[in-house]
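In what follows, a structure is listed as structure tokens, so that the remarks can point back to it.
Residues take their numbers from the sequence shown, with the count starting at 1. Remember, it's a predicted structure, so these values are computed and weren't measured experimentally.
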Amino acid sequence: MPALTASKLANKRLDRLNAMTCSLGLAGLLICAAPPAQASDARLDASTAVASVENSRMDGALFYQVLVSEIQARSGNPGAAYQIYLELARKHRNPDLFKRAVEIALQARSGDDALAAAKAWRQTLPQSRDAAESVVRIMLAMGRTTDLVDPLRTMIQLSPTPQQPQIIAALPRSLSRLPDRKIAAQIIDDATQPWRVRTPQLAEAWVASGEGWLSAKDTARALEASRKAEAIQPKSLGVGLLALNLMDSEPQAEDTVRRQLKLTDASPLLRLAYARKLAGAQRMTDSAQQLEILVEAQPNNAGSWLTLAAVRLELRQTDLAEGALKKFIALKEEERAKAAKTLVTSESPTPEQAQQTLADSDTSLDQGYLLMSQTEEQRGHWQKALDWLQRLENPKDNLLVQSHRARLLARQGKLAEGRAAIRAVPETEPRDALAKYQTEAQLLRDLKQWGEAYKVLSEASERFPQDPDLLYDRAMLAERLHKFDEMEQQLRKAIELKPDNAHAYNALGYSLADRNVRLDEARTLITKALSLRPGDPFITDSLGWLEFRSGHPAEALALLRGAYKERPDAEIAAHLGEVLWAQGERDEARRVWRKAQTLDTNNEALLETLTRLQVQP
């Protein structure tokens with residue numbers, strides 16, 4: 001082998017050193033020089049070769065100390081590597097060295113060492129945003145809250161001014177992992193205090209405060225923060241969403257949402273969220289009004305059409321529901337056609353992405369087909385409803401689909417086949433079995449086979465004795481069978497297991513009121529339910545019926561009118577009509593009952609009322 005020239009020897013050593021340091025992951029600490037191009041002139045001297053190399057920012061001593069540290073870290077001795085890096089970082093005041101010390105400690109799963117390095121970094125370089133952020137991240141990961149405010153505030157202050165609102169807005173989500181929500185809320189308040197007292201104040205800081213206190217269930221402080229945020233920035237989407245989330249516990253927060261939605265440039269996202277909130281509260285008429293505004297403004301938003309169709313179905317407005325569903329299906333089929341076209345175009349995504357888009361479209365279409373089936377079911381067209389179900393993907397594995405199919409089969413006298421379809425749905429976890437029990441029981445309840453449904457839920461109770469929803473369902477069947485003591489026992493146990501179970505409070509209170517017994521206790525129970533679900537028309541109906549039983553017809557009438565306006569339901573109509581009848585408003589009572597018959601001809605409460613009062617609407 002011929003002897004190496006001086007230039008080649010220098011190049012070879014540099015190449016080896018570069019390869020070693022780069023392979024050890026030192027790119028952030030050392031500028032790894034690319035190997036110089038081969039000289040065409042064999043007589044190139046060493047000085048020329050070295051001059052063509054970009055020099056490291058480190059001196060030789062620091063470089064070799066870093067190299068030794070990396071070798072220690074890769075050799076299973078992270079403790080020694082950590083100590084060397086931390087000492088070097090302090091000595092040289094180098095943020096990259098601090099960062100590497102933190103990384104090594106985290107890789108070794110030593111949170112305390114990582115936090116110590118991050119704190120040393122922050123102390124040495126107090127104007128480093130990265131140092132403050134590192135302290136915050138580690139403390140949150142470890143669930144530590146002591147001394148968190150200062151680095152959190154520093155992290156915000158050292159961020160560019162345009163980014164500060166976004167960082168502040170993200171704080172409630174970042175601190176959501178802390179187990180004590182009140183401590184988290186106080187940290188948010190303390191960290192964002194400068195942005196809530198300066199001029200001008202940041203609406204985002206007040207929104208973050210409100211979200212923190214809402215999570216801590218201090219709704220009064222959350223509402224106050226919401227109002228202050230609105231005063232600063234009335235059009236803020238964050239303000240609107242905070243108010244929306246406050247509606248359950250602070251009904252007056254709805255005024256903020258309404259004010260925003262009256263604006264010409266109201267947020268479609270807020271309107272959709274509001275419509276869904278209203279639907280969840282059984283305020284279907286109000287929900288439908290918001291969705292109609294939304295689809296008019298955004299006619300190509302398929303999701304809004306689907307939600308509107310679901311709400312119209314709940315209102316038993318089948319023609320309107322069908323119209324919304326046809327629009328939804330047309331939009332989704334157009335979307336699917338575009339997704340399929342991307343498979344063969346040069347600008348298409350990967351085949352996997354395109355196939356996923358097709359799968360997502362199919363899933364969405366399945367929802368539309370299912371609602372179309374329910375539309376035909378409401379019309380009494382059993383076979384047409386079954387035909388829509390046949391369009392779904394893998395319907396046999398879907399409990400919701402099979403429960404609907406079972407109901408349609410039962411309508412045609414094929415109850416045994418329907419029950420078998422429900423039982424055949426695969427189970428992937430224990431709660432799947434519970435869902436199947438509840439679905440089968442609901443099928444039997446729809447057919448008024450109360451005793452058989454009670455047997456199914458009794459069998460389920462042996463497997464799931466502590467499930468509050470199952471206790472509630474079983475209690476409702478016990479009431480149907482006039483087992484009132486058992487009903488009360490089951491409902492009180494459901495409340496004990498789930499203290500915020502508004503439906504259980506309402507069911508027990510309504511049962512007492514309907515039987516005209518223990519009316520004071522009924523009032524306490526229904527009032528509690530209404531405090532948990534303010535504005536729920538079915539709970540308002542219970543309270544109205546209680547007032548009627550208590551001899552307060554004027555109060556009853558006001559409550560029942562309000563409930564019926566929010567939710568035109570046949571059972572609410574039965575109660576409203578009876579109060580009107582008792583008050584001598586018989587023509588209006590008949591009008592209410594006739595309308596109720598078009599909503600649900602077979603509603604038991606309505607039929608019982610008309611039979612008892614011997615009325616033909």
Side-chain angles (χ1 to χ4, degrees), residues 282-285 288 312-320 377-380 411 445-451 453 476-484 487 503 506-519 522-523 525-526 529-530 536-617:
Q282 299 299 317
R283 294 169 56 184
M284 296 298 174
T285 301
R312 290 299 186 193
L313 269 179
E314 283 292 318
L315 292 169
R316 305 189 72 84
Q317 297 170 344
T318 51
D319 290 344
L320 292 174
E377 181 186 9
Q378 282 191 7
R379 290 168 169 160
R411 300 285 190 191
R445 289 172 65 174
D446 290 343
L447 298 172
K448 299 181 175 55
Q449 295 193 17
W450 317 119
M476 294 300 93
L477 287 170
E479 182 186 36
R480 287 285 186 182
L481 298 171
H482 298 120
K483 298 180 179 183
F484 298 116
M487 175 208 70
H503 296 301
N506 181 56
L508 182 53
Y510 175 79
S511 177
L512 295 174
D514 195 46
R515 288 181 282 134
N516 211 12
V517 299
R518 293 152 54 193
L519 295 184
R523 183 177 300 278
L525 290 163
I526 294 171
L530 204 56
D536 187 307
F538 289 113
I539 303 177
T540 303
D541 169 65
S542 297
L543 185 58
W545 194 237
L546 170 64
E547 296 291 3
F548 180 61
R549 292 295 202 199
S550 301
H552 307 141
E555 292 87 342
L557 198 56
L559 288 165
L560 291 169
R561 285 189 191 279
Y564 187 63
K565 180 181 178 182
E566 292 292 343
R567 181 68 188 269
D569 177 83
E571 185 166 345
I572 299 176
H575 294 153
L576 174 59
E578 183 162 350
V579 176
L580 288 167
W581 188 267
Q583 291 293 97
E585 303 288 342
R586 300 199 167 184
D587 289 341
E588 185 179 355
R590 283 192 170 93
R591 285 196 296 272
V592 169
W593 285 328
R594 282 197 295 271
K595 176 64 175 177
Q597 286 180 321
T598 66
L599 297 172
D600 188 355
T601 307
N602 298 316
N603 182 270
E604 289 187 45
L606 178 61
L607 292 174
E608 187 278 331
T609 299
L610 295 175
T611 301
R612 175 165 45 82
L613 297 177
Q614 298 181 343
V615 176
Q616 183 67 38

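Here the options are V579, L580, V592, T540, the test is side-chain contact (heavy atoms from CB on, under 4.5 Å), and the partner is L560; only V579 passes.
Using a distance-only test at 3.5 Å, with no hydrogens or angles considered, no donor-acceptor pair links the side chain of S511 to the main chain of A507. A donor-acceptor pair under 3.5 Å links the side-chain atoms of T598 to the main chain of K595, judged by distance alone. In this structure, R549 contributes its side chain and D514 its backbone to a donor-acceptor pair below 3.5 Å.
Every side-chain contact (heavy atoms from CB on, under 4.5 Å) that Q449 has, sequence neighbours left out, goes to L415, L444, L447, E452. For R518, the side-chain contact (heavy atoms from CB on, under 4.5 Å) partners two or more places apart in sequence, or in a different chain, are E488, R492, L512, E521.
The list of ring pair (Phe, Tyr, Trp, His ring centres under 6.0 Å) pairs with a residue in residues 582-606, not counting sequence neighbours, reads W581-W593.
The side-chain heavy atoms of Q597 and L610, taken from C-beta on, include a pair separated by under 4.5 Å. No side-chain heavy atom of D541 sits under 4.5 Å from any side-chain heavy atom of I539. Side-chain contact between R480 and R445 is absent, with no heavy atoms from C-beta onward closer than 4.5 Å.
Looking at T318 and Q378, their side chains never bring a donor and an acceptor atom within 3.5 Å of each other.
Residue K448 qualifies as enclosed at atom NZ: its count of foreign heavy atoms under 6.0 Å is above 12.
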